[in-house]
Each structure stands twice: as C-alpha cells, then as structure tokens.
There are 2 protein chains.
Amino acid sequence: MELFWRHGYEGTSIADLTTAMGFTPPTLYAAFGSKEDLYREVIQFFLLRSERRRMEAALEQSSAYAMLRSYLYAAAENFTDPHTPAGCMVATAALQCATENQPIAQEVARIRQQMLLAFVERLNEAKTSGELPTTIDALALANFYTAIVQGMSVQAIDGANTNDLIAVVDLALSAWPGEKSEGKSQKSEA
Amino acid sequence: MELFWRHGYEGTSIADLTTAMGFTPPTLYAAFGSKEDLYREVIQFFLLRSERRRMEAALEQSSAYAMLRSYLYAAAENFTDPHTPAGCMVATAALQCATENQPIAQEVARIRQQMLLAFVERLNEAKTSGELPTTIDALALANFYTAIVQGMSVQAIDGANTNDLIAVVDLALSAWPGEKSEGKSQKSEA
DNA sequence: ATAATTATCTATCGATCACTAGAAAAATTT
DNA sequence: AAATTTTTCTAGTGATCGATAGATAATTAT
C-alpha cells in the first residue's frame with residue numbers, strides 16, 4: 001500500500017513490491033493474481049483503513065456543517081501524517097495514465113464519485129432538516145468541498161504541513177452557505 | 001503536448017510520441033535530446049500557451065478579487081475545453097511517479113509553487129492597498145484558491161463540464177474575506 | 001552537377017516491464 | 001515417519017521501455 005500510495009500504480013513495479021515485501025514474484029502472483037488485482041485490493045484496504053473511517057466519523061455528526069468540518073479536519077491531519085505517504089490514495093490517484101491502464105483510472109474515479117455522492121446525500125438531508133436553504137445546489141456545494149479535499153491532497157504531496165491544510169479548511173468552511181451549527185462531538189478550532 | 005497532457009509523463013511512451021508525430025525515434029532524439037528534455041520543453045510551451053496567458057490577463061485586473069475571479073473563470077473554461085485534454089497540465093501533473101522520475105515531479109511541483117507565489121504577491125499588494133484587511137494571511141488565502149484550482153483540474157479530468165467548475169468557482173469566491181470590488185474589465189457573472 | 005551537410009530511416013541495444021513454468025523447500029496430513 | 005499438499009524459489013518468458021549505431025535519403029552549398 002505504501003508503495004502504491006507514494007508512487008502510484010504505474011510508478012510501482014512488481015520488483016519494487018516483491019523487494020519491499022521480502023519475497024519473489026511467483027509468491028505475489030499466487031497471493032494476489034495480478035498487479036491490477038493487488039492494486040484493487042490495496043485500494044479497498046486503504047478505504048477501510050482511512051477513508052471509510054473518516055467518512056463514518058463525519059457522518060455521525062448531527063449537522064452537515066459539523067460533518068464537513070470533521071471530515072476536512074481529519075483529512076488535513078491524515079494527508080500530512082508523517083507515518084504514511086503524503087496526500088490521499090484516491091483523491092488524486094491515477095489522474096493520468098497509459099491507455100492500457102485506463103480501467104484502473106476509471107475504478108479510482110468511480111470511488112471519487114461515490115465520495116462525492118455521500119456528500120451530496122448528506123447536504124440534501126440538511127436541506128430537508130432546514131439546516132441549509134432549499135435554494136442551495138447540493139451537488140455544486142459537494143463539488144466545492146470535494147475540490148478542496150483534492151486540492152489538499154495535491155498540496156500535501158507538494159510538502160504542505162497539517163497547519164497549512166487546516167488554514168485551507170477554515171477558509172473553505174467560511175463559504176458554508178447555511179447556519180454553522182455544531183455537531184455533537186466537534187473538534188476544537190485550530 | 002496532447003499526449004503528455006492526457007496520459008502524463010510515465011503514461012506516454014516514445015513509441016506513442018513518434019507514432020503520433022509521424023516519424024521514428026532517432027528523429028525525436030535528434031530534435032529534443034531525450035524524453036525528459038522533450039517533456040520539459042512541452043511544459044514550457046504549455047505555460048506560454050495557457051497558464052501564463054491566464055495569469056497575465058488576471059494580473060491586469062485592478063483588484064485582487066477581480067484577478068482571482070478572472071483567473072478562476074478562465075481555468076473553468078480551459079480545464080473543460082473540448083479542444084484540449086481535460087484538466088491542467090501542471091496543477092495535477094506527476095503527483096505520483098517512479099523514483100527515477102522524481103526530478104520531473106519536482107520540476108512540475110516547482111512550477112506549482114511559482115503559481116502560488118504569484119497569488120501571494122498579488123494578495124499582499126491587496127493588503128497594502130487596503131482591499132484586504134492586514135490581518136489576512138495571504139499565504140493561507142493563496143493556498144485556498146490554489147487548492148480550488150487543483151481540485152477543479154481533478155474534477156475536469158473526472159468529466160466535469162464548464163458549468164460544474166463555474167459553480168465551484170462561485171462558491172470559492174464567496175469565501176473572499178475582503179471587499180468584492182470589480183476589476184477594470186471584469187467578465188460577466190455566470 | 002557535384003560535394004557537403006542535414007534529416008530520417010532500419011534495425012537494434014541492454015534494461016526493465018508484468019508474468020510464469022518447473023524445481024525445491026516447507027508445512028500439513030495420514 | 002512417510003506421503004501429500006502448499007508455498008516459495010530459481011530462472012526464465014516475450015513484450016516493451018528509453019535510447020542509439022550506422023545506413024540511406026533528402027536538402028543545401030559550392
């Protein structure tokens with residue numbers, strides 16, 4: 001996971017993987033089938049380990065604003081965690097790749113769309129509950145906060161630290177077009 | 001340029017390039033030296049053709065807010081221009097690559113930093129002129145709008161259209177912490 | 001027209017790509 | 001302990017990677 005995270009799908013070779021894991025190619029192929037299968041498995045592992053945890057904690061918040069704040073602060077921390085490669089493994093993964101690897105790019109893009117849709121659903125709930133004006137375009141708002149997450153991933157890869165990203169998050173939250181009600185277990189402001 | 005733009009540095013092979021250009025490898029090497037040299041030349045061409053034009057038009061605006069609006073609207077259009085590959089060739093390029101291509105990644109990252117610094121300078125001018133409160137953190141604000149640009153590039157690659165990105169831009173502009181004075185040749189609102 | 005130069009070709013270089021057949025070793029079962 | 005199964009290894013597959021030597025064709029200079 002760390003190799004794919006840091007170098008991407010095309011930038012990581014079978015030799016890199018087997019060297020890092022301490023065995024030879026046949027063992028890798030017996031265990032994972034192919035490089036593509038392994039990458040898909042790694043992405044799923046990453047999602048369970050990082051992304052899903054982040055999203056589930058965020059969705060527990062009682063307001064959509066608090067959900068976004070929770071998610072974005074967690075992203076700011078995780079993208080700059082010194083124990084893992086910088087950035088997000090899906091937010092900015094496989095954006096450009098060779099034609100033969102297009103299926104990989106599409107799969108990662110599909111996961112990004114799912115992340116977006118989770119935001120859209122939560123924002124629509126907020127419109128129903130009255131937290132957001134019904135005139136708000138939930139998809140546009142979700143695209144905006146998703147863009148922030150993707151931009152944060154780029155900047156983390158470029159060397160930004162946690163505080164840099166928190167400053168970006170605070171500015172993004174200032175664009176929130178509804179009441180800024182608190183969630184039930186909000187984090188402290190930075 | 002189109003091949004590198006669409007498939008990235010690692011995703012584009014010499015065979016891809018020579019086939020598209022209609023000659024053989026020795027011709028390419030006689031003309032450009034190496035794949036790496038060619039890529040650098042392509043990036044410079046891209047900057048002159050797209051990025052610099054966008055930035056110079058934006059910097060002509062008389063207010064920092066109008067500059068940002070000009071730049072972001074131009075990006076929304078350019079990133080989704082059907083005549084060119086989606087997204088930006090530098091904003092989201094070479095984020096993950098093999099160890100041996102790290103120099104390429106660093107060069108593109110350096111260009112991203114220059115783009116950021118141009119924003120920072122303009123925002124500091126805005127603080128001097130009184131357009132922005134002196135309490136504003138220009139670097140943080142520049143990081144925020146740069147993140148938006150990078151996120152827009154990701155979303156353009158994922159299939160977003162111009163209006164999708166304009167909606168993101170409008171939300172980003174709503175976070176502007178100063179007076180929203182108009183530039184001398186502003187574009188119409190969407 | 002001939003000579004010199006430039007440009008492009010064919011054919012290939014060694015290295016590395018993802019991947020695998022078949023043998024050897026380790027673990028498990030009887 | 002012997003037989004079976006599973007795992008991992010050595011050693012290599014053909015394909016493609018970026019890049020090049022040497023021949024040929026096209027252009028330019030004399």
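Below, chains carry the letters A, B, ... as their sequence lines are ordered, and counting in each starts from 1.
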Spacing between A/Met21 atom CE and D/dT8 atom P, to the nearest angstrom: 12 Å

Within 6.0 angstrom of A/Arg110 CZ, more than 12 heavy atoms from elsewhere: yes

Contact list for residues 17-34 of chain B, test side chain to side chain donor-acceptor pair (under 3.5 Å), sequence neighbours left out: B/Ser34-B/Asp37

B/Tyr145 and B/Tyr71 aromatic centres sub-6.0 Å: no

Polar side chain donor-acceptor pair, A/Glu10 to A/Asn101, under 3.5 angstrom: yes

Minimum side-chain heavy-atom gap B/Met67-B/Phe119 below 4.5 Å: yes

Per-nucleotide protein contact string for nucleotides 4-18 of chain C (B base, S sugar-phosphate only, - none; heavy atom under 4.0 Å): ----SBB------SS

Atom-to-atom span, OH of B/Tyr39 to P of D/dG18 - whole angstrom: 14 Å

Whole-Å gap separating P (D/dG18) and CG (B/Leu17): 8 Å

